[in-house]
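Since the structure comes first, as structure tokens, the remarks are kept for the end.
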Amino acid sequence: AQETGIGKIGLAVPNLQADFFNQIKLGVENYAAALGIEVITVDARGDTATQVSQVQDLITQGIDAFIYIPAGAAAATVPTRLARQAGIPVINVDREPEGEPGDTFIAGESVMSAYEVCAHIIALAGGEGKMAIIHGQRGTTPEVLRFEGCKQAIDENPGVELVTQQWSEMWSPDEGFQIAQNMLQAHPDLRLIFGQADGLAMGASQAVEVAGLRDQVIIGGYDGDIAALEYLARCEGAFVVTATQSTQAMGVLAVNSAIAAHHGASIPARQIPNAVLTTCENAQEFVENHP
Amino acid sequence: MTPHAKQPILTLRNIHKSYGPIKVLHGIDFDLHAGEVVALLGENGAGKSTLSNIISGTVLPSAGKMTWQGAAYAPSSPREAIDAGVGMIHQELMLLPHLSIAENVFVGRYPTRYGAVGRTEMERRAKQGLLRLGLDVSPRRLVDGLSTASQQLIEIAKALTLDAKMLILDEPTAALGGEETKLLFQQIARLKAEGVGIIYISHRLEEIKQIADRIVVMRDGAKVREFDTADLPVRTIVESMVGRSMEQMFPPLAVPDEQTVLEVRDLAGASRTFSGVSFSVRKGEIFGISGLVGAGRTELVRAIAGADPITHGSILLNGEDITPRSPGDAIRKGIVLVPEDRKLQGVILDHSIQENIGYSNFDSVGWGGWISSRRLRDFATENIRKFGIKGRGRQKAGQMSGGNQQKVVIAKWLARRPRVVLLDEPTRGIDVGARSSIYEIIHELASQGVAVIVVSSDLEEVLGVSNRVLVMAAGRQTGILDHSEANDVSVMELATA
Amino acid sequence: MKPADVKEKLRLSELFSFGGATGPLIGLLLLCVFLSFATDSFLSVRNFLNIMDQITVLGIIAVGMTFVILIGGIDLSVGSVLALSMMVLGYLNVHVDLPMALAIPGALLISAITGAIAGILIAYFKVPPFIATLAMMSIARGLANMITNGSQIIGFPAWFNMAAIIRYGGYLTITVGIMLTVFLLAWLFQRYRQGGRMLYAVGGNPEVARLAGIHVKRVTVLVYTVCATLAGLAGILLAARLDAVQPSIGVAYELDAIAAVVIGGTSLSGGTGGIGGTLVGVLIIGVLRNGLNLLSVSPFVQSVIIGLVIVVAVAAETFKRPAR
Amino acid sequence: MKPADVKEKLRLSELFSFGGATGPLIGLLLLCVFLSFATDSFLSVRNFLNIMDQITVLGIIAVGMTFVILIGGIDLSVGSVLALSMMVLGYLNVHVDLPMALAIPGALLISAITGAIAGILIAYFKVPPFIATLAMMSIARGLANMITNGSQIIGFPAWFNMAAIIRYGGYLTITVGIMLTVFLLAWLFQRYRQGGRMLYAVGGNPEVARLAGIHVKRVTVLVYTVCATLAGLAGILLAARLDAVQPSIGVAYELDAIAAVVIGGTSLSGGTGGIGGTLVGVLIIGVLRNGLNLLSVSPFVQSVIIGLVIVVAVAAETFKRPAR
Ligand SMILES: Nc1ncnc2c1ncn2[C@@H]1O[C@H](COP(=O)(O)OP(=O)(O)OP(=O)(O)O)[C@@H](O)[C@H]1O
Ligand SMILES: Nc1ncnc2c1ncn2[C@@H]1O[C@H](COP(=O)(O)OP(=O)(O)OP(=O)(O)O)[C@@H](O)[C@H]1O
Ligand SMILES: [Mg+2]
Ligand SMILES: [Mg+2]
């Protein structure tokens, strides 16, 4: 703790059940541990009100910096305000509260990455065919932005027809499975599926297996969950591409920003670690060494 | 027959039972021989049911030893007692309303074939058992909706099919009429002849004479007297039960006013359980309602009290049509009902006596919708004393004996000073001492100008307390008899008409 | 001990309606003592005020839930109704531009209607409370989502958020004040009003209550209406606290509220317990959550500990009761 | 109608233990007819097989839940126990490298233990079922998360996934076959075994059952153990289906299962109903979900519709019963 001049960092995550947040948490914790900084992590279990309470408790514990991933944008402003009142710097990761920005905002660029994923699978399908989208939780920022990106790719290819879309509640594989199964039922000639998260894509790939349509359907995902990367590295199955978010890098970036902000150094308002398009070729290296 | 020459099949030595600080039994010794019927008598709360429950493994004794057929016996669950051959009919009805009669009879010991429950066999044997008691219903019928008496008969059939070597019958006749009782006694005689030992508990002392070989009397958790014969004057038994000499059971009847208080005109209830009932009750009159089991009496008084819907006819109070739509309606007009089943309809077992009294007397324990704890306590204490309830205001109703629970129900209604009181089986399961005090309460009410209606299956009781008796049969009114013309014969004639 | 002593003791515990909750009360105190020693930050006025803030929503929901459970019912829909109330508030105030003085009653009215419907289904259509409110949970959540198609609403007037933040006199935010008022009124009602005593009668044995002239069905409908309205009120306070509303909020709040009520000694079979115990139950859950956060216990371990505490709190009651 | 007819009719409906579920059965048929006309894709063998696939997990959980509800209990922990079972399976098979022949019994054993603990708390410590299983829900979820610190596990042997995919004879996957077997065994047990009949007695009135010599406590513990084991089994089938396990799965499955059981005519107060009805209830929920998806109904509207269907299904029963 000597060199960094910082003792405790508070980390508030929306939901550790999602591998993506869990990866960021591990990134922050591992890097901070190497620097001798204590990290206190709280998990809002998806509930914004819980998160506000937890942030109060973090501040009570005298944290020096606050890494904040809002649980649903609604809780957004209040924790930032609370931390500001207590003179604690705020580092936003993944989601930024509207109207109450933190000292910096670290997030992947969703629209572009989603565009790349969709463009990739559309190209594999020869630029035409019926397509389906399995959305994440309706109304959340990633759901909106990832759709926006994918829609661009679809609009650029007149041969692609978006025939059906459904929303999931929890971004989870079992929902992905069920939704995809029903989609395949209604549209047996489906060529393309974009799952807005890897869980959804993995579930969809199972549904494709069940329907025996592995050779017909091409699936894209998003996030670069460990399980998804392992799946992709096997190079078989309908799910072929994802956008791996640099979660470990985000964690490192967040801790470094926290240290800088604590010392009053200037940091850029927006930091964008790139999401990397991941296919069978580069998946294995990410499994061993997550970006 | 000299049963005493043989070894007793069951012996109890120095049995104690306490619930926390409350001592319920202290040092009971008791013997039972094969082929004898011992009557266990005592006032409400004397400890008869508790003792029986200990023998049948339902509750555990705090101290003491038992032997059964010569070996030490300490059942820790009803299962062990049943396996040993000890069966019991509990005072409260123990049936499963959603199951068929046959399943109720054989619950816990279904006959099996190839590991599967043998339904046909079960139904056949259940039917057999029921017919012996004169109950002719399909064993496939659900228990739900059967009258209390039929349910009691099923309960008895359950015990009779046990093939037990010893049976405890805790007030089996409380809900039965004369015919059913007679059939039950035939069965008891048959079991006796087969060498089954029987403990028989009842508050109906006339029965005791008919079937008991010996009498054991309990008072306040101790055995106070043993008689080697049942052929005793009722008076002797009663005095040993209550520990003092008793005056006459029924107080003399007063002459009621001419003024009509309650008038019932051509009343009919839902699902035609009764119809075409018309009568009127005068100020200060005690009006009895008699009839065989299932005649529709309970439904009738419940309808008058607004508890069940009325489909036809009207009810007038002092000449004004007040046909009630809800119990609240009837209560506001001054009509109250002491229901038949006190545990399910009369008191809230989990709540204290004072709360129970309070629920029916909000106006008396507060003002403008507010409640005063002090007034509630004082009001309850006053009524507990007035009606001779053995208990404190804070005690839970469920911890009291049946008789005292019944007094709580009566107290909570009479404290409202009603104009019409309907009592459905007011002394069911109640000992002689408490019974005579309830009769006194009834007469006291009448002398204050209240119109009292008493429904009872106990013929002696109806004849003893009523100025007039309405007799019902199969949901119809078959006649109204004046006190002077009412007797066993005339009532039974109308009841079977 | 002299009999007089016994009497006095009984009366004190009864006065606060802690009824079966003296055990939990002791548990709460032990928990506080432990946390005071185990952490630096627990024992401070500021942390106490934080806890009060944190239990506001749960507390208000638990008051309504206490009444529902007292009459032998259960309400699984409170979390969804809270979300619906928040979304209606946001819609009326931000989208339709109504002043708060109209938007708040509007949100409460919608909440009350959901409760009344559930109550009517339960009382008149004999749908078991678990099922009626489970269905209402699904319906209210769907409606809450439909208002904005799943998105959040922000843009409330500034004073609204201040009500949850400014501590008047250094201590009391308006939202905490409202919670305390709700508890006080509920306690007075339950203890000194006829209506309150009726709840006990209905929960103890509805048939006895009916024969005693109580309109059991009407009471049932009213109780569910009140419970839903309080859930709606909790939603409004939560909106003030978060300065934003979103339809996915309040999931599983009903379970916390039920746990708080039961830990507080109110029996799920109805007829016994009360508001005093519920306050203790809510505090236990609030202090526990706060303490586990201050102790930096991992969220996964927290989940296990909270489960254990619920079981221990309720099972401990068994040992106090005399064995049969 | 001749009396003989009445008798025959009674026995047929009784045979399938549809008891109170003839109404729901009609509802199910109407639903199917409606969907056949409203969509092109509903009425096909393939979609029927999909529905069977989709109800496998719910169906198995609902069987255990039926027994629990029959004895007058409730089990809120099944969703979490399912997740715990899945994580134990993944841990043993993938991380510890045990063969499936050991990993599967291991996962079932852990599930059974959670159920036994809940049952013991309920039977011996008199903790209300709602609370005991609510606590177990929190504990099992925490444990499931702790195994991998919240991450998912993949890498099961290939045949495992095939069990959920290959439709033998063109129709039956192994997982669906297991579900049908579970239903059949449960139905036989409930109808023809002493143990099955005892459940009805215990649920009807535990005191009566005790006095009739039934070991009520032992039955209770066994039933919760069986329910949890079935939840564990459902977890294993779900793992096969998804070819991956993750600790966040199974949230709110208990509510679906309870809804299915109650829609199928089993009363939450215990003692009436049965497996036949549960099958109908599970099918109603499965067909409804499938149909709403085929109709591309928004999830928010789905949530409202499912709530309405639950209420209507249960309230409809009231009208069939004669009023008293
Ligand atoms: N669970 C209990 N806790 C405390 N006291 C109890 C309990 N059960 C019974 N008692 C008390 O034990 C005494 C004996 O009750 P018991 O039921 O054996 O009387 P009984 O002779 O059968 O009376 P009755 O004729 O009314 O049936 C009563 O005073 C009763 O209040
Ligand atoms: N819930 C019910 N459903 C169907 N039938 C009923 C129901 N309750 C009572 N009955 C029937 O109505 C008839 C009248 O019953 P009621 O209880 O009024 O008779 P009673 O003369 O008071 O006899 P008891 O001595 O059994 O109380 C009986 O045949 C009974 O079986
Ligand atoms: Mg007795
Ligand atoms: Mg009667």
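Every heavy atom of this structure was used, including side-chain atoms; hydrogens, water molecules and symmetry mates were not. Below, chain A is the first sequence line, B the second, and so on; all start at residue 1.
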Next on the checklist: Restricting to non-hydrogen atoms, name the atom on C:Tyr192 and the atom on B:Ser373 that form the minimum distance, rounded to 0.1 Å.
Outcome noted: CE2-OG, 4.0 Å
Checklist entry - How about B:Gln345 and C:Arg210: do any of their side-chain heavy atoms sit closer than 4.5 Å? => result no
Item to check | Between B:Ala330, B:Ser326, B:Pro339, B:Gly346, the one whose heavy-atom pairs under 4.5 Å with chain C are most numerous | outcome: B:Gly346
Checklist outcome for this item: Among B:Leu376, B:Ile331, B:Asn356, the residue with the most heavy-atom pairs under 4.5 Å to chain C is B:Ile331
Checklist entry - Would you say C:Arg197 and B:Phe362 make side-chain contact, with heavy atoms under 4.5 Å? => result yes
Item to check | Nearest heavy atoms of C:Leu211 and B:Ala307, plus distance in Å | outcome: CD2-CB, 3.4 Å
Checklist outcome for this item: Scanning both residues in full, the closest heavy-atom pair of B:Lys412 with C:Val208 reads NZ-CG1, 3.7 Å
Checklist entry - Looking at CD of C:Gln190 and CD1 of B:Ile371, how far apart are the two atoms once the value is rounded to the nearest 0.5 Å? => result 12.0 Å
Item to check | Flag, side chain of C:Asn205 to backbone of B:Leu344, donor-acceptor distance under 3.5 Å | outcome: yes
Checklist entry - Relative to chain C, which segment of B:Val347 carries a heavy atom at a distance below 4.5 Å: side chain, backbone, both, or neither? => result backbone
Next on the checklist: Atom NZ of residue position B:Lys23 - does it have more than 12 heavy atoms of other residues, nucleotides or ligands inside 6.0 Å?
Outcome noted: no
Checklist entry - Can you check whether C:Ala201's main-chain N or O pairs, donor with acceptor, with B:His351's side chain at less than 3.5 Å? => result no
Checklist entry - Given the options C:Pro206, C:Ser267, C:Gly195, C:Ala212, which has more heavy-atom pairs under 4.5 Å with chain B than any of the others? => result C:Ala212
Item to check | Validation row: C:Arg193, B:Trp370 side chains within 4.5 angstrom (heavy atoms) | outcome: yes
Next on the checklist: Between B:Leu349 and chain C, with a heavy-atom cut-off of 4.5 Å, which part of the residue counts as in contact: side chain, backbone, both or neither?
Outcome noted: neither
